Amino acid sequence: MGRGRAKAKQQKVARKLKYSSGGTDLDRLRSELGVAEDEGSPSGPLGPDESHTDSQDDLVDRYADLADKYSDSEK
């Protein structure tokens with residue numbers, strides 16, 4: 001007993017979130033999170049071309065020496 005009010009309030013909040021139009025204030029969120037404003041960068045802090053520069057080949061080259069080291073020690 002006593003759980004009916006809490007459950008009703010949770011359902012009310014969930015319904016409000018589900019059917020709300022969004023209306024997120026991104027500037028307020030940014031200030032609450034303490035994130036500095038980026039200076040005209042449209043795709044985030046790394047910029048449009050710098051988001052993911054490591055390709056699979058670069059990663060293989062970078063860690064090939066470790067693969068050789070650990071494959072030799074297991075034999």
Side-chain angles (χ1 to χ4, degrees):
M1 290 219 306
R3 214 176 138 218
R5 253 188 238 165
K7 186 176 180 184
K9 186 174 182 179
Q10 288 175 348
Q11 286 179 338
K12 180 181 175 184
V13 170
R15 197 174 301 116
K16 184 178 178 184
L17 289 172
K18 182 177 180 181
Y19 295 114
S20 69
S21 64
T24 305
D25 187 3
L26 297 177
D27 292 329
R28 184 173 148 223
L29 179 62
R30 185 180 290 124
S31 66
E32 286 182 11
L33 294 175
V35 178
E37 288 192 35
D38 46 340
E39 313 257 333
S41 177
S43 64
L46 296 178
D49 296 329
E50 301 171 5
S51 62
H52 184 71
T53 57
D54 286 339
S55 67
Q56 184 71 20
D57 294 333
D58 294 336
L59 291 174
V60 169
D61 292 341
R62 183 181 297 170
Y63 296 109
D65 56 338
L66 292 175
D68 293 338
K69 176 182 174 184
Y70 288 110
S71 65
D72 291 340
S73 66
E74 292 177 0
K75 291 181 182 179

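These numbers come from a predicted model, not from an experiment. In what follows, residues are counted from 1 in the order of the sequence shown.
- Among residues two or more places apart in sequence or in another chain, the side chain to side chain contact (heavy atoms under 4.5 Å, CB included) test is passed with E32 by R28.
- Considering only residues two or more places apart in sequence or on other chains, L33 meets the side chain to side chain contact (heavy atoms under 4.5 Å, CB included) condition with L29, V35.
- Here R5 pairs with nothing under the salt bridge (charged side-chain N to carboxylate O under 4.0 Å, His left out) rule; sequence neighbours left out.
- Connectivity analysis of hydrophobic side chains (ILVMFWY, heavy atoms under 4.5 Å, direct or indirect) links L17 to V13.
- In this structure, the side chain to side chain contact (heavy atoms under 4.5 Å, CB included) partners of Y63, at least two apart in sequence or on a different chain, are L59, L66.
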